[in-house]
Amino acid sequence: MNDIALTLIAAAAFGTVAHVMRVPALVGFLVAGFVLGGVHIEPFPGLEELAAVGVTLLLFTIGLKFDVRSLLRPEAYGTASLHLAFSVLVGAGVVGAAGAMGLAAVDGWRTLVLMGFALSFSSTVLCMKVLEERSDDGSFYGQTAIAILVFQDLTAVAFITATGGDPLSPWALALVLILPLAWLLRHVLDRIGHDELVVLFGVAMALGPGYFAFEAVGIKGDLGALVMGVLFASHPRALEMSKALFSVKELFLVGFFLTIGMGSSPTWADATLAVVLCLVLLPLTFIGFVVLGRAFGLRNRTTIRMGLVLSNFSEFSIIVTAVGVTSGLMPERWLTVVAFAVAVSMVVSSLLNAHGLRLTSVLSEVLPAQDPARLRHSDRPIDTSGSDVVVLGMGRVGRAAYERLTHEGQMSVLGIDNDHAVITRLEEDGLNVLEGDATDLEFWTRLVSGGFVTTVVLAMAFHDSNAFALDQLRDAGFDGRIVAVAQHPDQVAHLSEGGVHAVLNIYAGAGRSLAALAMQLSE
């Protein structure tokens, strides 16, 4: 019990420090893991299992919002396959150079190729956590990044199955039965309530027909959880189930980042080699994603944001290296080096993504301009001409504002959201909406230069997104009316000081509306 208390106190303390320093809390959890490992505190019994549950739930909830059609887009499978080949060659070259300088022992070309392969994967857990925290998992660049991650994971699973671990069971073909089972379970979801049963149902789906069924036939269970999430993605209550699982998943994921840090106990030589790998390979990884993204018709901004999210090493890097060590293809030292490199890359990636929007704006100005006609249709600048009101964020609040402005205000309204699934549903309902990134400077420049928009409604779910959009409006020279929503008094003050003409505190507004209804009934 003492180890449990000490571990949780350390995680809470370092996570709080990270939050105060305005960096992702997961950086604090990783540092806490390093500190605990440095004083030789082992993960308490059950921590690794809890961490595994967190990862499984994360992939399940991502599946609930994942558009499987993104796997079929050239910018996804093309970028993933070419970048994999590029990373293997570059990684092998860097490891070979390290061996030539005496920093590492290299046992022939197989070690070089296997190390290049191991370091070619991006962290599924970290990338999806970053996307989810920014509410970008449904955006165009987010969906493309997730598709690349799925491609990488499938490649890693194929390698692990072929070279080590449990062989694929003949019963694997029976997984096709999950399709009719999912149809039945979707009807069960229709009939359960809105309380803790939704949470329990989601956990059961992720761990049962998701994780357990796939593991039983020799396939990575995390991929099974992702598949189950995808099968529920089109259900009307998919988003509700995802939100219900949020707190449980976040708590368990703390265990994942703690174990990554606690599992890294390198010597100074190992740590030096791991840092060298990060310093050389991570920038090349980023450049590779940007170059390939541009080649496949993605905007500079899209490729930069995607590259920032994917520029890290993966938990699969550790697993692939472990297979190589077990098979006798490389010295055991490499497992320690790779584990520490993965942890360091996660810290660096988290810090860079915390400032991702500013880095994107700076780097976008450096890259050569692109011809809009050669861009992928889904990534071309948004035309906002003909609209006098733009609503940013088409969730429940944004949609309600849209409908009232349209029906009662008789205004021409354009709704913008970065979630493809949300836009698809709204288009089916006949709303005038477009898929776009409200934190995109090009979007705001196009909006202002159109000369039609007189009012902007900031109705996004996250205060940081609304605040950044406000800054972009001011930078683009917008001189119309701005209204916004907030959840807390300090957020109301922040937006008001920034020049928003009217701010609605959602909770206070709901209370006043409820009181108004009560007074009407008493008249």
Decide side-chain contact (heavy atoms from CB on, under 4.5 Å) for Val503 and Val485; before the verdict, give the C-alpha distance in whole Å, the side-chain angles of both, and the deciding distance to 0.1 Å. CA-CA 6 Å; Val503 184; Val485 296; over 6 Å; no
Would you say that [X] contacts [Y] through its side chain, given a criterion of any heavy-atom pair below 4.5 Å between the two side chains?
X: Leu392; Y: Asp417; value: no
X: Phe86; Y: Ser120; value: no
X: Leu131; Y: Tyr141; value: yes
X: Tyr402; Y: Val457; value: no
X: Leu363; Y: Leu367; value: no
X: Thr16; Y: His19; value: no
X: Val391; Y: Leu414; value: no
X: Phe316; Y: Lys220; value: yes

Going from [atom1] on [X] to [atom2] on [Y], what distance comes out if it is rounded to the nearest 0.5 angstrom?
X: Glu250; Y: Leu253; atom1: CD; atom2: CG; result: 6.0 Å
X: Thr302; Y: Leu375; atom1: OG1; atom2: CG; result: 8.5 Å
X: Leu226; Y: Leu58; atom1: CG; atom2: CG; result: 9.5 Å
X: Ile260; Y: Ser123; atom1: CD1; atom2: OG; result: 7.5 Å
X: Ser361; Y: Asn300; atom1: OG; atom2: CG; result: 12.0 Å
X: Ile506; Y: Arg396; atom1: CD1; atom2: CZ; result: 9.5 Å

Can you see which heavy atom on [X] is nearest to which on [Y], and at what distance?
X: Asn432; Y: Ser387; value: ND2-OG, 4.3 Å
X: Leu71; Y: Ala147; value: CD2-O, 3.6 Å
X: Ile423; Y: Leu434; value: CD1-O, 3.3 Å
X: Gly307; Y: Phe286; value: C-CD1, 3.5 Å
X: Ala32; Y: Leu258; value: CB-CD2, 3.9 Å
X: Pro368; Y: Arg294; value: O-NH1, 3.1 Å

So does Arg237 pair up with Glu240, basic N to acidic O under 4.0 Å? yes
So does Glu132 pair up with Lys249, basic N to acidic O under 4.0 Å? yes
Pairs in or reaching into residues 487-499: which pass side chain to side chain donor-acceptor pair (under 3.5 Å), with residues at least two apart or in two chains?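 Applying side chain to side chain donor-acceptor pair (under 3.5 Å) to every pair that reaches into residues 487-499, excluding sequence neighbours, yields His463-His494.
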Between side-chain atoms of residues 353-360 and protein atoms elsewhere (two or more places apart, or another chain), which donor-acceptor pairs fall under 3.5 Å?
unit_1: Asn353; atom_1: ND2; unit_2: Leu308; atom_2: O; d: 3.1
unit_1: Asn353; atom_1: ND2; unit_2: Ser349; atom_2: O; d: 2.8
unit_1: Asn353; atom_1: ND2; unit_2: Ser349; atom_2: OG; d: 3.2
unit_1: Thr360; atom_1: OG1; unit_2: Gly356; atom_2: O; d: 2.7

Partner set under side-chain contact (heavy atoms from CB on, under 4.5 Å) for [X], not counting sequence neighbours:
X: Val342; value: Phe313, Ser317, Ile318, Val338, Met346
X: Arg481; value: Thr454, Thr455, His501
X: Val347; value: Val27, Leu30, Phe34, Leu351
X: Ala401; value: none

Criterion side-chain contact (heavy atoms from CB on, under 4.5 Å) on Ile148 and Ser122, from CA distance to verdict: CA-CA 9 Å; Ile148 292 172; Ser122 304; over 6 Å; no
Between Asn312 and Thr285, is a side-chain contact (heavy atoms from CB on, under 4.5 Å) present by the stated rule, with each step listed? CA-CA 8 Å; Asn312 43 67; Thr285 297; over 6 Å; no
For [X], what residues pass the side chain to side chain donor-acceptor pair (under 3.5 Å) criterion, not counting sequence neighbours?
X: Arg404; answer: Glu408
X: Thr56; answer: Asp222
X: Glu403; answer: Arg399

Applying ring pair (Phe, Tyr, Trp, His ring centres under 6.0 Å), which residue pairs with at least one partner in residues 236-256 are found, sequence neighbours left out?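 Qualifying pairs: none.
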Is there any ring pair (Phe, Tyr, Trp, His ring centres under 6.0 Å) pair reaching into residues 58-81, and which pairs are they, with sequence neighbours excluded? none
Kindly indicate, with the supporting measurements, whether the criterion side-chain hydrogen bond (donor to acceptor under 3.5 Å, both in side chains) is fulfilled by Ser87 and His83. CA-CA 6 Å; Ser87 297; His83 195 278; 3.1 Å; yes
Can you give each donor-acceptor pair under 3.5 Å made by side-chain atoms of residues 180-189, sequence neighbours left out, with the distance rounded to 0.1 Å?
unit_1: Arg186; atom_1: NH1; unit_2: Leu231; atom_2: O; d: 3.0
unit_1: Arg186; atom_1: NH1; unit_2: Ser234; atom_2: OG; d: 3.1
unit_1: Arg186; atom_1: NH2; unit_2: Ser234; atom_2: OG; d: 3.3

Testing Ile146, Val55, Leu223, Asp153 for side-chain contact (heavy atoms from CB on, under 4.5 Å) with Thr124, which one passes?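 Of Ile146, Val55, Leu223, Asp153, side-chain contact (heavy atoms from CB on, under 4.5 Å) with Thr124 is met by Asp153 alone.
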With a 3.5 Å distance limit and no angle check, can you tell me whether Thr79 reaches the backbone of Ala76 through a side-chain donor-acceptor pair?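 Here the side-chain-to-backbone pair does not exist.
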Indicate yes or no for a side-chain donor-acceptor contact from Thr144 to the backbone of Phe140 under 3.5 Å, with no hydrogens or angles considered.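 Flag set: sc Thr144 to bb Phe140 pair under 3.5 Å.
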Step-by-step side-chain contact (heavy atoms from CB on, under 4.5 Å) determination, Val483 to Leu458: CA-CA 6 Å; Val483 297; Leu458 303 178; over 6 Å; no
Determine, step by step, whether Gln152 and Ser314 satisfy the side-chain hydrogen bond (donor to acceptor under 3.5 Å, both in side chains) criterion, reporting the C-alpha distance in whole Å, the side-chain angles of both residues, the deciding distance to 0.1 Å, and the verdict. CA-CA 10 Å; Gln152 291 181 348; Ser314 171; over 6 Å; no
